[in-house]
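Treat the numbers as computed from the prediction; the structure is a model and nothing was measured. Values reported hereafter were calculated over all heavy atoms of this structure, with side chains retained and with hydrogens, waters and symmetry mates removed.
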Amino acid sequence: MNVERFGMDTITLAGPLEAKLKAVRNGGFTQIMLAARDIVGHPDGEAAAIAAVRASGLRVTGFQVLRDFEGLAGHLHDYKVDIAKSMLSMCKALGAPLLLACSTTSAHAEDDRERMAADLAKLAMLAVPFGIDVAFEGLSWGRFVNDVPAAWDLVERADRYNLGLAIDSYHMLATSTPIDVLDDIDPARIFFVQLSDFMWSSTPTPDERRETARHFRVFPGEGVHSDAIAALVRRLDANGYAGDMSFEVFNDDYVQMPLDTVVARAGKSVQWLLAQVPRRSLPFRRTGAAVR
């Protein structure tokens, strides 16, 4: 297992984009998952944000997040298509190979799995001219899709080569999804993995899952589900997942702490994770290519 497999999400950190990028780089990380608000909210505009990302030397692993895309009809669907096109354009400008999309929470969406799959297939087709992959994630408070099996069902139904899954350890823990479900998924169709834990044993309701997810996550090794996260990483490795893993840790305390302090906590989490997987496991990554 190699430290270069791990990266940071800008969502985890407070402050201006340039400060986030510098702290991540100084902390020994080589990759970054970008949030749209860091780009469009830059005080000097989108072009300046893109220039800062390029100057950082960090490899961009993806761009997030497209919400509530599937299951809508009429003008609502058309609106979301426009949003998707805009986000894909930003993806391309940033050199991000991946757009993260999460399952709908919209009260206006319909529980029609074929329609939702068709919508995801359309999103994937929109991404083709940009050379971008789409990773679909089941939110643990999603209206119709709230776990890995349901998200995988839609990805399989959509059947597009550039559409795959995003696996988020928080959502698996929050819904008590057994890691055995990963055995039924082609590891090549897992496009991204996001890692975090939390500090209490369970989140039984959608509202509790959402509240915890947005305010109380912690780094792997800091929470109460360490054994489950270690088992998840080992299972992904054993099944042949060779992609990136990023820390997406929404925490109200962390965004009140110095950037270097938070990144140092992430570094400790990397070392903890490195100790959980046999040294022979997980391929080294160099410039996006996996080799043994």
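Looking at N239, its side chain never comes within 3.5 Å of a backbone N or O of P187 through a donor-acceptor pair. Between the side chain of R160 and the backbone N or O of A158, at least one donor-acceptor pair lies under 3.5 Å. Proximity of a side-chain donor or acceptor of Q31 to a complementary backbone N or O of E4 within less than 3.5 Å is detected. Looking at R143, its side chain does come within 3.5 Å of a backbone N or O of S106 through a donor-acceptor pair. Within the 3.5 Å criterion, the main-chain N or O of K268 finds no donor-acceptor partner in the side chain of Q271. The closest donor-acceptor contact from the side chain of Y170 to the backbone of T212 lies at 3.5 Å or more, if one exists at all. Using a distance-only test at 3.5 Å, with no hydrogens or angles considered, a donor-acceptor pair links the side chain of D112 to the main chain of R115. Counting only distance, with no hydrogens or angles, the side chain of R59 and the backbone of T30 share no donor-acceptor pair below 3.5 Å. Of the possible polar contacts, one joining the N162 side chain to the A124 backbone as a donor-acceptor pair under 3.5 Å is found.
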Can you check side-chain contact (heavy atoms from CB on, under 4.5 Å) on L58 and V53, steps first, answer last? CA-CA 7 Å; L58 294 168; V53 172; over 6 Å; no
side-chain contact (heavy atoms from CB on, under 4.5 Å) for S246 and M33? Distances and angles first, verdict last. CA-CA 7 Å; S246 190; M33 176 69 161; 3.9 Å; yes
L13 and V263: side-chain contact (heavy atoms from CB on, under 4.5 Å), yes or no, with the steps? CA-CA 8 Å; L13 304 168; V263 173; 4.1 Å; yes
Could you give me the CA-CA distance, side-chain angles and deciding distance for R265 and Y254, then say whether side-chain contact (heavy atoms from CB on, under 4.5 Å) is met? CA-CA 10 Å; R265 296 177 78 101; Y254 292 170; 3.5 Å; yes
Under the side chain to side chain donor-acceptor pair (under 3.5 Å) criterion, do T177 and D147 qualify, and how do the steps go? CA-CA 7 Å; T177 301; D147 60 18; 5.0 Å; no
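With hydrogens and angles left out, the side-chain atoms of Q194 and H171 include no donor and acceptor closer than 3.5 Å. W272 and S226 are not linked by any side-chain donor-acceptor pair at a separation below 3.5 angstrom, with hydrogens and angles left out of the test. Using a 3.5 Å distance cut-off with no hydrogens or angles, the side chains of N146 and S140 do not pair a donor with an acceptor. Looking at D260 and N26, their side chains never bring a donor and an acceptor atom within 3.5 Å of each other. Checked by atom type, the side-chain pair T61/D244 shows no donor-acceptor distance below 3.5 Å.
The closest side-chain heavy-atom distance from R234 to Q276 is below 4.5 Å. Using a 4.5 Å heavy-atom threshold, the side chains of F247 and S269 count as touching. A heavy-atom distance below 4.5 Å is not found between the side chains of F192 and L165. The shortest distance between side-chain heavy atoms of N251 and H215 does not fall below 4.5 Å. Considering only heavy atoms from C-beta on, M8 comes within 4.5 Å of I32 through its side chain. Within the 4.5 Å cutoff, the side chain of I11 has heavy atoms near those of the Q64 side chain. No side-chain heavy atom of L163 sits under 4.5 Å from any side-chain heavy atom of L123. Between E248 and L195 the shortest side-chain heavy-atom distance does not fall below 4.5 Å.
Residues W200 and F216 bring their aromatic ring centres within 6.0 Å.
To the nearest 0.5 Å, atom CD1 of residue I50 and atom CG of residue L17 are 10.5 Å apart. Taken from CG in L182 to CG in L236, the straight-line distance is 5.5 Å, to the nearest 0.5 Å. Atoms OG1 and CZ, from T205 and R210 in turn, are 8.5 Å apart once rounded to the nearest 0.5 Å. Atom-to-atom distance recorded for T104:OG1 and E110:CD is 11.5 Å, nearest 0.5 angstrom. With rounding to the nearest 0.5 Å, the separation of CG in D153 from CE in M116 is 8.5 Å. Atom CG of L100 is separated from atom CE of M87 by 8.5 Å, given to the nearest 0.5 angstrom.
Under a cut-off of 6.0 angstrom, the local environment of CE in M125 is sparse, with at most 12 non-hydrogen atoms contributed by other residues, nucleotides or ligands. The local environment of CG in D252 is crowded, with over 12 non-hydrogen atoms from other residues, nucleotides or ligands closer than 6.0 Å.
Annotation for G142 and S103: closest pair CA-OG, 4.0 Å, computed over non-hydrogen atoms. L94 and V60 make their closest contact through O-CG2, 3.8 Å (heavy atoms, listed as atom of the first residue, atom of the second, distance). Shown here for A166 and A135, the closest heavy-atom pair between the two residues is CB-CB, 3.9 Å. Taking both residues in full, the closest heavy atoms of L259 and A14 are given as CD2-O, 2.9 Å, listed atom of the first, atom of the second, then distance. Among all heavy-atom pairs drawn from D111 and F144, the shortest one is CB-CE2, 3.3 Å. Closest approach of C91 and F63 over heavy atoms only: SG-CB, 3.3 Å.
In terms of hydrophobic clustering, with Ile, Leu, Val, Met, Phe, Trp and Tyr side chains grouped at heavy-atom distances under 4.5 Å, M172 and V65 are assigned to different clusters. Linking ILVMFWY residues whenever their side-chain heavy atoms come closer than 4.5 Å, directly or via other members, places V249 and M199 in the same cluster. Under the 4.5 Å side-chain heavy-atom criterion for ILVMFWY residues, no single connected hydrophobic cluster contains both F69 and F191. The hydrophobic cluster containing L98 does not contain I167, counting ILVMFWY residues as joined when their side-chain heavy atoms lie under 4.5 angstrom apart, directly or transitively. Residues I185 and V233 are members of one and the same hydrophobic cluster, defined by side-chain heavy-atom contacts under 4.5 angstrom among Ile, Leu, Val, Met, Phe, Trp and Tyr.
In this structure, R217 is not positioned above the aromatic face of F250 in the sense of NZ or CZ being under 6.0 Å from the six-membered ring centre and within 45° of the axis.
Taking 4.0 Å as the cut-off between side-chain N and carboxylate O, D180 and R235 count as a salt-bridged pair. With salt bridges taken as basic N to acidic carboxylate O contacts below 4.0 Å, none links R157 and D159.
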Using residues 71-84 as the side-chain source, report each donor-acceptor pair under 3.5 Å to any protein atom, sequence neighbours left out, with the distance given to one decimal.
unit_1, atom_1, unit_2, atom_2, d
H77, NE2, K122, NZ, 3.0
K80, NZ, R67, O, 2.8

